[in-house]
2 protein chains.
Amino acid sequence: MSSADDVKLKQAREDFVAQWGALGTHWGINRTMAQIHALLMTEPEAIGTDEVMERLQISRGNAHTNLKELVSWGLIRTIVKKGERREFFEAEKDVWKIFTIVARERRRREIDPALGVLHQCLDDSRGIDTPEGRAFHEQMSKLAEFVGFASNVADRVSGMKYGIALQLAARLLS
Amino acid sequence: MSSADDVKLKQAREDFVAQWGALGTHWGINRTMAQIHALLMTEPEAIGTDEVMERLQISRGNAHTNLKELVSWGLIRTIVKKGERREFFEAEKDVWKIFTIVARERRRREIDPALGVLHQCLDDSRGIDTPEGRAFHEQMSKLAEFVGFASNVADRVSGMKYGIALQLAARLLS
DNA sequence: CCGAAGTTTCAGTAAATACTGAAATTATGA
DNA sequence: TCATAATTTCAGTATTTACTGAAACTTCGG
């Protein structure tokens, strides 16, 4: 028999999946990918493609693409069960690991290309001998320096053990 | 006469504007908004709507919407010149100020709503007395705690004076 | 090596997002 | 106050991004 608690949990989970999916949009992550991640984060057991399709009411292609994308991020991993031919997926549930994965991925997708552009413009404007040219070069230089610096800091922080990061943060908040 | 340096600068600037605009996409910022920001960041003088339209080859409506959005973020400000009827715009050029503005805005748009969802799910799953229910509640709790904590830390850092932040960062990288 | 179960790809379509251009509104100074 | 310059709004359209569903491909036990 399905108790009242089971119903409440089912609703809470569905709510979390739907809302987290909507949020994904603001994170540069598509809705489905965020929903699958939410689903797996709150699922005790590893589940297969067909169950994902059914729970989220999405097509096989969509489920497949986004599961693979999540695997490539490292936010979920594939599980092979003995005697089972198909693949199952389970989420990384440790919050610090999730954070470091997302931080790294965002650096790769958002910061590194920006640094590339800045360095190129820095080169292209080197030695332009007019007041405007020097001002432009100076602005590029400041931006590149700051972004590079911030990127290193973020890297360092997300490479820390959770305990160390926690200590550091606690000092900041005190 | 327009020297070779002037041509080089013009090209470098156009390149920066175009590429920065393309990057904006990966930042949850639309292309035009990022382009206008790039244009103004590398423009020594405040410029008006019509010049923005011409330099970027965009419509008045588009220019208007995105200029206002940038003003609302605080990344650019309006300038009124005496004897001029129209408004001019100039960008905030200080990299630390740009960083704190972007950090605050992203927290508001990305982190705060996530915290809201997590707290609601935390409430909805309180006291569900099954093993699965407790696991769900626990996972929500860990996520909410971490996200809230990280949000506070980010706030604290982006509220610092640049010099202090620099000191802190230098310590991290050493 | 065959057939079924499972996975991957992708052309076509749907949905979300951004942009245009012109009309409506507001502000200015003569 | 009026004429006009400037700003704001928004319906319609274009562009970009995401999703479907079915076909092609791969894998594995028998």
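Naming: A, B, ... by sequence-line order, numbering from 1 per chain. The structure presented is a predicted model; accordingly, all values stated were derived computationally and were not measured. Excluded from the calculations below are hydrogen atoms, water molecules and symmetry mates; all remaining heavy atoms, backbone and side chain alike, are included.
Each ring-ring contact (aromatic ring centres under 6.0 Å, His included) pair with one or both residues in residues 15-48 of chain A, not counting sequence neighbours, appears once here: A:F16-A:W20. Within the structure, every pair that satisfies the ring-ring contact (aromatic ring centres under 6.0 Å, His included) test and touches residues 149-174 of chain A, not counting sequence neighbours, is listed here: A:W96-A:Y162. Applying the ring-ring contact (aromatic ring centres under 6.0 Å, His included) test to residues at least two apart or on different chains, none of the pairs has a partner in residues 60-82 of chain A. For the side-chain hydrogen bond (donor to acceptor under 3.5 Å, both in side chains) condition, the pairs that include at least one residue of residues 46-57 of chain A, sequence neighbours left out, are A:E43-A:R55, A:D50-A:R60, A:E51-A:R55.
Residue B:T25 is classed as a sugar-phosphate contact, given heavy-atom separations below 4.0 Å to backbone atoms only.
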For every nucleotide of nucleotides 2-8 of chain C, 5' to 3': is a protein heavy atom under 4.0 Å from its base (B), only from its sugar-phosphate (S), or from neither (-)?
--BBSBB
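The nearest heavy atom of DNA chain D to B:F89 and to A:N30 marks one nucleotide each, and the one closer to the 5' end goes with B:F89.
In summary, A:E87 and A:K68 engage in a salt bridge, as defined by a charged side-chain N under 4.0 Å from a carboxylate O. Classification of A:E132 and B:R13 as a salt-bridged pair holds, one side-chain N sitting under 4.0 Å from a carboxylate O.
Extent of DNA chain D lying under 4.0 Å from chain B heavy atoms, first and last nucleotide in 5' to 3' order, is D:dT4 to D:dT17.
With hydrogens and angles disregarded, a donor-acceptor distance shorter than 3.5 Å links the side chain of A:H137 to the backbone of A:L122.
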Could you give me the CA-CA distance, side-chain angles and deciding distance for A:I128 and A:R134, then say whether side chain to side chain contact (heavy atoms under 4.5 Å, CB included) is met?
CA-CA 7 Å; A:I128 296 182; A:R134 279 188 292 275; over 6 Å; no
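For the pair A:R31 and C:dA16, the criterion of a side-chain N or O lying under 4.0 Å from OP1 or OP2 is met.
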